[in-house]
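So the structure is just underneath, and the comments pick up after that.
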Amino acid sequence: MGEGAARERLEARSVRTAGRLAGGALLAAGAAWVVRGVWEIRLAVAGEPASGPPDQGDGVHRPLTGLEDSYHLVTSLGGGVALVCALLFLAWLRQVRENARVLSGRPPKYLGIWVYLGWIVPVVNLWFPRGIVADAFRATAPERRLPVSVNVWWVLWLLGMFGGVGLVSRDSTDRIIARAYEEVWPLLLADAAVVGAAVAGAFAVRAVTAAQVERIRRGPGRSVAEESAGVVGG
């Protein structure tokens with residue numbers, strides 16, 4: 001085999017590995033949010049202590065109960081899993097974006113800086129991350145429709161984010177404990193959206209990765225239609 005074939009095989013293996021890591025991390029983050037939801041149900045069932053919520057205002061915090069303390073641990077561990085997930089997902093996203101540029105021979109629709117800032121800059125964070133994934137897929141496989149999992153992932157991600165329990169939640173852990181005591185269902189619905197987004201995201205990563213691996217093996221600049229025409233012509 002020639003050097004070019006070996007290089008293509010290495011690139012395919014690289015993006016496949018990145019996809020497996022990102023997909024696995026998404027599923028792990030989803031599992032962490034399931035555990036979090038279970039603890040919120042436990043808090044709701046136990047009920048708020050007579051001493052009131054953990055954060056009592058004016059900088060006053062009462063001692064935590066054993067269950068509340070364990071919820072702090074669960075959220076901390078879940079946050080660590082989510083951080084690893086974010087890093088692996090961003091590494092995968094950067095790679096598929098660059099691969100799509102090489103394979104299609106055209107510049108990406110979104111500048112590279114938006115791979116990172118697109119998640120945190122207000123307003124554009126409502127569509128830029130999905131747009132980067134969609135652009136990478138369409139540049140890789142222009143003859144195919146965007147996988148449904150990409151849209152499902154993004155809608156559920158936004159629902160989880162606005163539900164106040166996602167990775168960008170502004171509520172403190174003590175405040176979330178108080179919300180669990182007051183009315184747990186909104187929290188559980190938001191948790192379900194985060195879990196659903198993680199699962200759909202894993203499927204989206206798998207679909208985009210598979211399309212790139214297939215395209216890399218065909219080589220840059222060749223669509224399925226062109227390859228089929230070549231086979232017929234031969």
Side-chain angles (χ1 to χ4, degrees), residues 15-46 54 64-96 115-116 118-120 125 129-130 132-133 137 147-181 183-210:
V15 72
R16 186 165 51 238
T17 299
R20 287 173 177 170
L21 289 173
L26 281 163
L27 294 177
W33 249 255
V34 169
V35 174
R36 179 172 173 151
V38 169
W39 249 255
E40 288 162 0
I41 292 173
R42 293 182 63 192
L43 287 165
V45 170
L64 297 175
T65 66
L67 183 57
E68 292 167 350
D69 195 44
S70 64
Y71 182 73
H72 272 264
L73 177 61
V74 165
T75 56
S76 295
L77 292 175
V81 172
L83 176 60
V84 172
C85 175
L87 293 175
L88 290 173
F89 185 85
L90 290 175
W92 169 82
L93 185 57
R94 183 181 61 183
Q95 184 168 2
V96 294
V115 170
Y116 309 101
W119 301 87
I120 57 177
N125 64 350
R130 177 205 169 273
I132 295 170
V133 174
F137 181 84
V148 174
S149 55
V150 173
N151 290 327
V152 173
W153 156 68
W154 191 243
V155 169
L156 291 175
W157 165 264
L158 291 178
L159 289 174
M161 181 173 70
F162 287 120
V165 298
L167 300 182
V168 293
S169 173
R170 292 183 177 86
D171 283 347
S172 67
T173 302
D174 283 347
R175 175 55 191 151
I176 294 176
I177 289 173
R179 289 174 61 189
Y181 287 142
E183 190 174 12
V184 74
W185 293 110
L187 282 178
L188 296 180
L189 289 174
D191 287 334
V194 172
V195 173
V199 174
F203 278 103
V205 166
R206 181 179 180 182
V208 175
T209 301

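Computed over heavy atoms, backbone and side chain alike; hydrogens, waters and symmetry mates excluded.
Contact between Val184 and Ile41 at its shortest, heavy atoms only, is CG2-N, 4.4 Å. Between Ala207 and Pro147, the shortest heavy-atom contact is CB-CG, 3.8 Å. Between Leu88 and Ala25, the closest heavy-atom pair is CD1-CB, 3.7 Å. Taking all atoms of both residues into account, the shortest heavy-atom contact from Leu156 to Gly196 is CD1-C, 3.4 Å. Shown here for Trp92 and Ala22, the closest heavy-atom pair between the two residues is CB-CB, 3.9 Å. Smallest separation of non-hydrogen atoms from Leu64 and Pro54: CD2-CB, 3.8 Å.
Residues Arg20 and Val205 form no side-chain contact, since every pair of their non-hydrogen atoms from C-beta on lies 4.5 Å or further apart. Between Arg130 and Leu158, the closest side-chain pair of non-hydrogen atoms is not below 4.5 Å. A 4.5 Å side-chain heavy-atom check between Leu43 and Tyr71 finds at least one atom pair inside the cut-off. Put simply, the side chain of Met161 does not reach to within 4.5 Å of the side chain of Trp119, judged on heavy atoms.
Expressed to the nearest 0.5 Å, how far CH2 of Trp33 lies from CG of Leu188 amounts to 14.0 Å. Within the model, atoms CD of Glu68 and CD1 of Ile176 stand 13.0 Å from one another, a figure rounded to the nearest 0.5 Å. We find the CD-OG1 distance between Gln95 and Thr17 to be 8.5 Å, quoted to the nearest 0.5 Å. In this structure, the separation between CH2 on Trp185 and CG on Asp191 is 12.0 Å, given to the nearest 0.5 Å. Distance check, rounded to the nearest 0.5 Å: CG of Leu21 to CG of Leu87 gives 12.0 Å. How far CZ of Arg94 is from CD1 of Ile132: 13.0 Å, rounded to the nearest 0.5 Å.
Note: Phe89 and Trp157 fail the aromatic proximity criterion, with ring centroids not under 6.0 Å apart.
Note that Arg42 lies in the cation-pi zone of Trp39, set by a 6.0 Å cut-off to the ring centre and a 45° limit from the axis.
Of the possible donor and acceptor atoms, one in the side chain of Ser70 sits under 3.5 Å from a partner among the backbone N and O of Leu67.
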